[in-house]
Amino acid sequence: QVRLVESGGGAVQAGGSLRLSCTTSGLAFGTYAMGWYRQVPGKEREGVSCISWRGDRTTYTDSVKGRFTISRDNGENTMYLQMNNLEPGDTAMYYCAATAQYGGGSCPQPHLPKFWGQGTQVTVSS
C-alpha cells in the first residue's frame, strides 16, 4: 500500500520559516517525480514546486521563487520543502504528490499525480 505522509506544517508569523517533509512508503520513490501542491478553500489546488526523480530538475511557481527550496532524499524515500520568508498569501493546506508526468517544466496539473498525501496546514499571520 502506497502512503505519503506530510509533516512540518504549523502557524508562523510573516517572515518566518517552516520545513515540510513528505515521507513515503510502498512507493518506488526513486522512480517518481515529486511535487508540493497547495490549496485554500474555494480555490483550485496549485502546484508550488516539483522535483525530478533524480533531483536534478526543479520548478517553482513564481510567487515562491527565491523563498522556497525543494529537495529529496531517495535513500530515505522523503521529500522536503524549505519555506523561508513566509507571507500570509502562503497560507494553505500543503500536499505532496508523486507523479510520472513531470519533464522539468511546470508542475503537472493537479489531476495528473498518481499518489497524494493527506496534507499539512500552513498558516502565516501578518
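Note that the coordinates shown come from a computational prediction; the quantities given were computed from them, not determined experimentally. One-based numbering along the sequence shown.
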If you apply the rule side chain to side chain contact (heavy atoms under 4.5 Å, CB included), what do you find for Arg45 with Trp116, and how did you get there? CA-CA 12 Å; Arg45 191 170 295 188; Trp116 290 92; 3.3 Å; yes
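- No donor-acceptor distance shorter than 3.5 angstrom exists from the side chain of Gln118 to the backbone of Glu6, with no hydrogens or angles considered.
- Distance check: Asn77 CG to Tyr32 OH gives 13.0 Å after rounding to the nearest 0.5 Å.
- Heavy-atom minimum distance, Ser17 versus Asn84: OG-OD1, 3.0 Å.
- Atom CD of Glu46 and atom CH2 of Trp36 lie 14.5 Å apart (nearest 0.5 Å).
- At distances below 3.5 Å, at least one donor-acceptor pair connects side-chain atoms of Arg72 with backbone N or O atoms of Ser52.
- Closest of all the heavy-atom pairs between Gln121 and Ala92 is NE2-O, 3.4 Å.
- Here CE of Met79 is found 8.0 Å from SG of Cys50. Values are rounded to the nearest 0.5 Å.
- The two atoms that bring Val122 and Leu20 nearest to each other are CG2-CD2, 4.1 Å, heavy atoms only.
- Of all heavy-atom pairs spanning Tyr37 and Gln109, the tightest one is OH-O, 4.5 Å.
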Going through the distances and angles, do Asp90 and Arg67 end up as a side chain to side chain contact (heavy atoms under 4.5 Å, CB included)? CA-CA 11 Å; Asp90 296 318; Arg67 300 188 298 121; 2.7 Å; yes
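- Residues Tyr95 and Phe29 fall into different hydrophobic clusters, defined by Ile, Leu, Val, Met, Phe, Trp and Tyr side chains chained together at heavy-atom separations under 4.5 Å.
- Taken to the nearest 0.5 Å, the CD atom of Glu87 stands 11.5 Å off from the OG atom of Ser126.
- Within the model, atoms CZ of Arg38 and OG1 of Thr91 stand 9.0 Å from one another, a figure rounded to the nearest 0.5 Å.
- Formation of a donor-acceptor pair under 3.5 Å by the Tyr80 side chain with backbone atoms of Thr69 is not found in this model.
- Under a hydrophobic clustering in which Ile, Leu, Val, Met, Phe, Trp and Tyr are joined whenever their side-chain heavy atoms come within less than 4.5 Å, directly or via other members, Ile70 and Phe115 fall into the same cluster.
- No side-chain donor-acceptor contact under 3.5 Å links Arg19 to the backbone of Gly8.
- The two residues Gly9 and Thr120 come nearest to each other via the heavy atoms N-OG1, 3.2 Å.
- For Thr59 and Tyr102, the side-chain atoms include at least one donor-acceptor pair closer than 3.5 Å.
- Distance OG1/Thr24 to CE/Met34: 6.0 Å, rounded to 0.5 Å.
- Here the side chain of Asn74 pairs no donor or acceptor atom with the backbone of Arg54 at under 3.5 angstrom.
- Of all heavy-atom pairs spanning Val5 and Arg3, the tightest one is CG2-NH2, 3.7 Å.
- Between Tyr94 and Phe68, the ring planes are tilted. Angles from 30° to 60° get that label.
- Met93 is not connected to Val12 by any chain of hydrophobic side-chain contacts under 4.5 Å among Ile, Leu, Val, Met, Phe, Trp and Tyr, and they are in different clusters.
- No side-chain donor-acceptor contact under 3.5 Å links Thr58 to the backbone of Ile51.
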